[in-house]
2 protein chains.
Amino acid sequence: MEFDRMTSAGYLVNHMARLFAEGLRKRIAPLGIVPGQFPALLALWNKDGLTQKELLALLDIEQATLANTLTRMERDGLITRKEHPADARARTIHLTEKVRAIRDSAYKVAMEVNEDALSDFSDKERAVFLDFMRRTITTLQDDGQGSK
Amino acid sequence: MEFDRMTSAGYLVNHMARLFAEGLRKRIAPLGIVPGQFPALLALWNKDGLTQKELLALLDIEQATLANTLTRMERDGLITRKEHPADARARTIHLTEKVRAIRDSAYKVAMEVNEDALSDFSDKERAVFLDFMRRTITTLQDDGQGSK
DNA sequence: TCGCATTGCATAGCATGCTATATATTATTA
DNA sequence: TAATAATATATAGCATGCTATGCAATGCGA
């Protein structure tokens with residue numbers, strides 16, 4: 001009995017994810033950002049001044065992961081954090097001018113990476129592919145639920 | 001202009017990869033192995049006694065990544081390394097009895113994870129999905145080549 | 001055979017992600 | 001209102017992946 005990587009969804013997904021991330025990393029490096037910051041930036045470009053908790057609710061990562069990512073973003077001059085007016089535990093997160101300025105370039109580059117990856121797919125195929133991925137995500141999330 | 005995560009291949013692939021990895025991690029934990037060790041184990045179950053260079057040629061990771069993974073595998077009692085008979089720089093890699101014994105269980109569990117993830121897909125859909133992923137990987141690898 | 005290039009592997013340093021746990025503040029309740 | 005529970009964020013520790021670089025051993029050309 002042989003286990004063939006090329007017919008293992010898990011293997012292929014892992015490999016694809018690394019290639020996407022590396023492709024994005026190379027293209028956004030000139031902008032001064034890295035792939036892990038992208039989801040948070042998307043949310044903050046859309047709505048600035050969120051708390052970590054509010055931002056977390058928009059992302060599919062764990063709280064500790066976000067906290068660390070925000071620390072690096074602050075270190076890199078992408079965000080600043082201000083004390084929350086009503087809750088001393090919380091802080092509001094604000095994009096710096098520097099990162100507000102690269103929004104359009106970053107969008108463009110991210111879309112280019114997606115476009116390149118799917119360059120030999122028809123529109124129909126792309127739609128099916130994205131749908132398959134969303135279905136798989138839903139299934140895996142439900143799996144992992146655990147009644148509790 | 002809105003960037004929608006649900007229509008971004010890169011975003012979906014990243015999320016899927018994390019869900020697959022977490023699913024696998026939970027299921028193989030009782031066997032004493034972790035997801036990152038799986039590709040190396042598959043290769044070594046198939047052919048024991050490879051050098052790091054030979055093993056590397058079978059995997060889609062960087063040399064440094066493999067070196068670190070092998071160090072953890074040795075620490076965890078999954079492999080031993082012996083001096084190469086003809087080249088003092090190289091070492092041959094050998095599975096321990098402990099890990100030879102879990103081969104069938106590990107195969108089974110990995111296939112279950114794939115099965116579960118695709119449980120609501122037809123055979124036809126699965127074939128298409130795997131094909132899409134292989135095509136995407138090929139495209140991204142070619143992209144990243146750089147003439148040099 | 002000496003000297004330099006190449007090779008095989010290891011290490012350093014970093015990003016991204018996770019679980020578990022700590023800390024400080026706020027909210028609730030006896 | 002004092003004690004307790006809940007909440008918001010941070011930290012510790014680890015795995016996995018990458019690039020860059022170090023080091024020892026091997027191989028090859030002058």
Determine whether the side chains of [X] and [Y] contain a donor N or O and an acceptor N or O closer than 3.5 Å.
X	Y	result
A/Arg72	A/Asn68	no
A/Tyr11	B/Asn114	no
B/Thr92	B/His94	yes

Please report the distance, rounded to the nearest Å, between [atom1] in [X] and [atom2] in [N].
X	N	atom1	atom2	value
B/Asn68	C/dA12	CG	P	10 Å
B/Leu56	C/dC9	CG	P	9 Å
B/His84	C/dC9	NE2	P	8 Å
B/Lys82	C/dC9	NZ	P	16 Å
A/Ile93	D/dA10	CD1	C1'	13 Å
A/Leu59	C/dT16	CG	C1'	14 Å

Open item on the list: Could you check whether atom CD of A/Glu83 has more than 12 heavy atoms from other residues, nucleotides or ligands sitting under 6.0 Å from it?
Closed with: no

Task: Residues, nucleotides or ligands: over 12 heavy atoms within 6.0 Å of A/Glu54 CD - done: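 Yes - once you tally the heavy atoms of other residues, nucleotides and ligands closer than 6.0 Å, there are more than 12.
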
Task: Pairwise ring pair (Phe, Tyr, Trp, His ring centres under 6.0 Å) hits with a residue in residues 21-51 of chain B, at least two apart - done: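 Every pair satisfying ring pair (Phe, Tyr, Trp, His ring centres under 6.0 Å) with a residue in residues 21-51 of chain B: B/Trp45-B/Tyr107.
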
Side-chain N,O ([X]) to OP1/OP2 ([N]) below 4.0 Å:
X	N	result
A/Arg91	D/dA8	no
A/Arg75	C/dA15	yes
B/Thr65	D/dC18	yes

- [ ] For B/Glu62 and for A/Gln52, locate the closest nucleotide of DNA chain D by heavy-atom distance; then report the residue assigned to the nucleotide nearer the 5' terminus.
- [x] A/Gln52

Task: Sidechain-backbone polar pair: A/Thr69 side chain, A/Thr65 backbone, donor-acceptor under 3.5 Å - done: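 Such a contact is found between A/Thr69 side chain and A/Thr65 backbone.
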
Task: CG-CZ distance between A/Asn14 and A/Arg18, expressed to the nearest 0.5 angstrom - done: 4.5 Å

Open item on the list: With the threshold set at under 4.0 Å for non-hydrogen atoms, list the residues of residues 8-32 of chain B touching DNA chain C in residue-number order.
Closed with: B/Asn14, B/Arg18, B/Glu22

What are the atom names and distances for every N/O pair under 3.5 Å that joins the protein to nucleotides 24-27 of chain C?
unit_1: C/dT25; atom_1: O2; unit_2: A/Arg89; atom_2: NH1; d: 3.3
unit_1: C/dT26; atom_1: OP1; unit_2: A/Ala88; atom_2: N; d: 2.8

- [ ] If the plane angle is over 60° it's perpendicular, under 30° parallel, otherwise tilted; pick one for B/Phe132 and A/Phe121.
- [x]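 Ring orientation of B/Phe132 relative to A/Phe121: perpendicular.
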
- [ ] By nearest nucleotide on DNA chain C, pick out whichever of A/Ile61 and B/Arg81 is the more 5' one.
- [x]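 The residue whose closest nucleotide sits nearer the 5' end is B/Arg81.
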
TODO: Can you figure out which of C/dA15, C/dG8, C/dA10 approaches the side chain of A/Val34 most closely?
DONE: C/dA15

Open item on the list: Taking atom types as they are modelled, would you say the side chain of B/Gln63 forms a donor-acceptor pair with the base of C/dA10 within the 3.5 Å cutoff?
Closed with: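 Such a pair exists between side chain and base.
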
Open item on the list: Heavy atoms only, 4.0 Å cut-off, all strands: where does A/Thr51 land among base, sugar-phosphate and nothing?
Closed with: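 Contact class for A/Thr51: sugar-phosphate only.
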
